[in-house]
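Please read the structure below before turning to the comments.
Order of listing sets the numbers, starting from 1, for every ligand and every atom in it. Everything numeric in this text was worked out from a predicted model, so none of it was measured.
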Amino acid sequence: MAMECIATRPQRFNENKTEEDPSNFDANLLNQQSNHIPQQFVWPDHEKPTDDVQPLQVPLIDLAGFLSGDSVLVSEATRLVSEASKKHGFFLVTNHGIDETLLSRAYLFMDSFFKAPACEKQKAQRTWGESSGYASSFVGRFSSKLPWKETLSFKFSPVEKCHSQTVKDFVSEKMGYGYEELGKVYQEYAEAMNILSLKIMELLGMSLGIVRRHFREFFEDNDSILRLNYYPQCKQPDLALGTGPHCDPTSLTILHQDQVGGLQVFVDNRWQSIPPNPKAVVVNIGDTFMALTNGRYKSCLHRAVVNSESERKSFAFFLCLKEIKC
Ligand SMILES: C=C1C[C@]23C[C@H]1CC[C@H]2[C@]1(C)CCC[C@@](C)(C(=O)O)[C@H]1[C@@H]3C(=O)O
Ligand SMILES: O=C(O)CCC(=O)C(=O)O
C-alpha cells in the first residue's frame, strides 16, 4: 500500500515551523528525532499518568448467551449490565460475533495507514467541522495538552438509510487509488459494529426493565463515528497522555483494543485500568445514553496512557443520537 509521494510538506519536525503545520506534530516523527517530547504534549502534574493503577472489576457479558433467550443466561447478562452501568458504565462483551479475520485485517490496514508518509495520510486530512478524516495530535484544535496519538475517523450512516457506503466512499474520494481494500475493510468493520451496537441496545433495554426492542428501534437508523486510535511509542510516557480525560458525549461506545493496554477509567476517585481481553470488546455508556436513562446509568471519565516500549492501537465505535450534522 505504501505509495511513493512527492512530499508536499516537510517530513521532519522543525522547531522553527509554526504550530499550525500538522506535520510538525506527527508523533511518530517526533519519536525518532528527540528524547524529549515538545512542551505542547506535556500534561499538568495533576493529570499526568501514575504507576499505581489497579484493574477495574468489570463484568464479562456473554452476548451469545443473552441472545439465545435462555432465561438464566438472559437474567445473568441483564443483572451484570445493570450493576456495572449504574456504577461506572463500563462492561466487557464476549461472543460478540465480530469476524476474527475482519479484526486482523482492520489492524493490518491500520498499521499500513499510520506508517505511511505524512503526505499520504494528509490526503485524508480532517478539516474544521468535519467528523471524518486524519488528525495528527490535533495541533490545529488545541495549543496545549495535545494527545500523543494520530487518529483516522469516519462518519458511518447505515446503508439502508443513506443508500451509500459512507466509509468506503470517504476513503475513495479522499485517498483514491491504492486504498480500495482499506475502504472496504473499514466499511465492513463499521457495519459489523453497527449491528453489534443494536444487539447491545437490546441488552441495555432489558437491563432497564423496558421492552427489548425499545432502544434498538430508537437507534436503528442512527449515524455513528468509527475512530482509529494510533498511539506511537513515547519516550516520556510519564509526561504525556494518548487520549486525555473525557466522557464520551455520544450514546454508546464499543472499543476494540490491541493487547498493549492503556485504557483507564476514573472510578471511586482513582484511575483504574481495563486490561485487554483478546476475546472481548469494551462497551461504555456515553453522556447521551446517561441522559436517556435520567442518570441511572453512568457515563464515566476515561483516558488512554501511552508507553515507551510499544505503540498501541484501538478502534472506537461511537453510536450517536441521530444525525451527525458536521
Ligand atoms: C464525538 C467524539 C469527539 C471525540 C471523539 C468522539 C467521542 C470522544 C471525543 C474525544 C475523544 C474526547 C477527548 C478529546 C477529543 C478531541 C480527542 O482526544 O479525540 C475528543 C474527540 C474529538 O473531538 O475528535
Ligand atoms: O484508546 C483507548 O483506549 C480509549 C480511546 C477513547 O477513549 C476515545 O477514542 O474516545
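- Heavy atoms of H302 stay at 4.0 angstrom or farther from ligand 1.
- Residue T243 has no nitrogen or oxygen atom sitting less than 3.5 Å from a nitrogen or oxygen atom of ligand 1, judged on distance alone.
- Polar contact with ligand 2: absent for R303 (N/O pair, distance under 3.5 Å).
- A salt bridge does not link K168 to E180: none of the charged side-chain nitrogens sits closer than 4.0 Å to a carboxylate oxygen.
- In terms of polar-atom proximity, defined here as any N/O pair under 3.5 Å, N229 does make such a contact with ligand 2.
- Using a 4.0 Å cut-off between a side-chain N of Lys or Arg and a carboxylate O of Asp or Glu, E220 and K161 do not qualify as a salt bridge.
- Checking only distances, K149 does come within under 3.5 Å of ligand 1, N or O to N or O.
- In terms of N/O distances under 3.5 Å, ligand 2 is not approached by Q257.
- Evaluated by nearest non-hydrogen atom to atom 11 (C) of ligand 1, the leading choice among H246, R126, K145 is H246.
- When the shell of 6.0 Å around CD of Q259 is examined, it contains more than 12 heavy atoms from other residues, nucleotides or ligands.
- Checked against a 3.5 angstrom limit, the closest N/O atoms of R227 and ligand 2 fall outside it.
- Considering backbone and side-chain atoms alike, Y231 places an N or O below 3.5 Å from some N or O of ligand 2.
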